[in-house]
Amino acid sequence: MPEEVVTIEKMSYGSDAIAHASDGKTLFVQGGVPGDKVSVKRIEEKKSYDRVCVSAIIEPSSDRLDRKDFPQCVAECGGCPWAYMSYDAQLAHKTSLVKEALTRGAKMAFDEVDSIVKPCLPSKNKWHYRNKIELSASHNASGKLVLGFHEQGSEKLFGPSDCPLGHEKLSSAMPALQGALRFLEKDGDLGISRVGVR
């Protein structure tokens, strides 16, 4: 599929948004916000759908945040893919996904679902609310152990100084843990591939 201009329709369950190509094929779009008019390029082609990413934003959605309104690492890391979207829009789309799961998956009547599913409640903290993060472990070119997150769509690790989702106390724990593991590795590879911090 050559690059194509599409309008993002809604969010899917997970990290991607949904649009449709000119031939009607479903597109799962990385980095899309409902209402965006975007140019997309294919990442992966399947029989009934394609995975694509946004190559250019032609007309941003009214729900798309300005670049200054979300942490810099969001563009690199795939850990908070809805961060491009206003918080109110995130809540509305989460409510919509619950309703869709009940009507499509559980085959409940829409009126019944609409009466029992209330709007998603906002958190008092939009950032720094997670009490646990998982870091991947690898070794850099000089053989030193590094902890970090995978760049979106890549095996490459990057280590932000602060994860905007993790509790503030985790920010100081990340470099301290990396230093401690490097010290322990002086006697040989520890064989660590992932580390959970709570």
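Quick note: residue numbers are just sequence positions, from 1. Below, each value reflects all heavy atoms present in this structure, side chains not excepted, and no hydrogens, waters or symmetry copies. Not measured: the values here are computed from a predicted model.
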Are more than 12 heavy atoms from other residues, nucleotides or ligands located less than 6.0 Å from atom NZ of Lys186?
yes
Close side-chain approach of Ile133 to Leu165, heavy-atom, < 4.5 Å
no
Nearest 0.5 angstrom please: Glu185 CD to Gln178 CD, how far?
10.5 Å
Does the side chain of Met11 reach to within under 4.5 Å of the side chain of Pro34, using non-hydrogen atoms?
yes
My understanding is that only residues two or more places apart in sequence, or in another chain, count here; which of them pass side-chain contact (heavy atoms from CB on, under 4.5 Å) with Ser136?
His150, Leu157, Arg194
List the steps, then state whether side chain to side chain contact (heavy atoms under 4.5 Å, CB included) holds for Val29 with Val54.
CA-CA 7 Å; Val29 187; Val54 173; 3.7 Å; yes
For Tyr87, look at atom OH and say whether over 12 heavy atoms of other residues, nucleotides or ligands are found less than 6.0 Å away.
yes
Between Ile8 and Val33, is any pair of side-chain heavy atoms under 4.5 Å apart?
no
Taking every non-hydrogen atom, the tightest pair across His139 and Asp189:
CE1-OD1, 3.9 Å
Is Leu135 reachable from Ile192 through a run of I, L, V, M, F, W or Y residues, each pair having side-chain heavy atoms under 4.5 Å apart?
yes
Joint cluster assignment, Val5 & Ile43, ILVMFWY side-chain distance < 4.5 Å
no
With heavy-atom distances below 4.5 Å as the criterion, would you say the side chains of Thr26 and Ser48 are in contact?
no
Leu147 and Ala137: which non-hydrogen atoms are nearest, and at how many Å?
CD2-CB, 3.7 Å
Trace of the side chain to side chain contact (heavy atoms under 4.5 Å, CB included) decision for Val146 with Arg182:
CA-CA 8 Å; Val146 290; Arg182 282 182 177 178; 3.4 Å; yes
So which heavy atom on Glu112 is nearest to which on Ser115, and how close?
O-OG, 2.7 Å
Might you confirm whether atom NZ of Lys37 has over 12 heavy atoms from other residues, nucleotides or ligands at distances under 6.0 Å?
no
Check: Ser123/Asn125 side-chain N/O donor and acceptor closer than 3.5 Å
no
Where do Arg42 and Val52 come nearest, in terms of heavy atoms and distance?
CA-CG1, 3.8 Å
Minimum-distance pair of heavy atoms, taken over all atoms of Val6 and Ala21
CG1-CA, 4.4 Å
Selection residues 95-131 - residue pairs positive for ring pair (Phe, Tyr, Trp, His ring centres under 6.0 Å), sequence neighbours left out
none
How long is the straight-line distance from CG of Asp66 back to OG of Ser86, given to the nearest 0.5 Å?
13.0 Å
Determine, using the 4.5 Å side-chain heavy-atom cutoff (strictly less than), whether Leu65 and Ile58 are members of one ILVMFWY cluster.
no
Return the NZ to NZ distance between Lys25 and Lys46, rounded to the nearest 0.5 Å.
10.5 Å
What distance do Ser138 atom OG and Leu145 atom CG have between them, rounded to the nearest 0.5 Å?
8.0 Å
If you measure from OG on Ser61 to OH on Tyr84, what distance do you get to the nearest 0.5 Å?
14.5 Å
Do Leu91 and Met85 sit in the same hydrophobic cluster, where Ile, Leu, Val, Met, Phe, Trp and Tyr count as joined when their side-chain heavy atoms come under 4.5 Å apart?
no
Between His167 and Asn131, is any pair of side-chain heavy atoms under 4.5 Å apart?
no
Pair Ile18, Phe28 - check side chain to side chain contact (heavy atoms under 4.5 Å, CB included), show working.
CA-CA 5 Å; Ile18 294 177; Phe28 288 94; 4.1 Å; yes
Mind running side chain to side chain contact (heavy atoms under 4.5 Å, CB included) on Leu181 and Val195 for me, showing each step along the way?
CA-CA 10 Å; Leu181 290 173; Val195 177; 4.1 Å; yes
Would a 4.5 Å heavy-atom cut-off, applied to side chains only, mark Asp16 and Arg51 as touching?
yes
Distance in Å, Ser55 OG paired with Lys41 NZ, rounded so as to fall on 0.5 Å steps
6.5 Å
Do Leu27 and Tyr49 have side-chain heavy atoms sitting under 4.5 Å apart?
no
Minimum heavy-atom separation for Tyr13 to Leu97, with atom names?
N-CD2, 3.9 Å
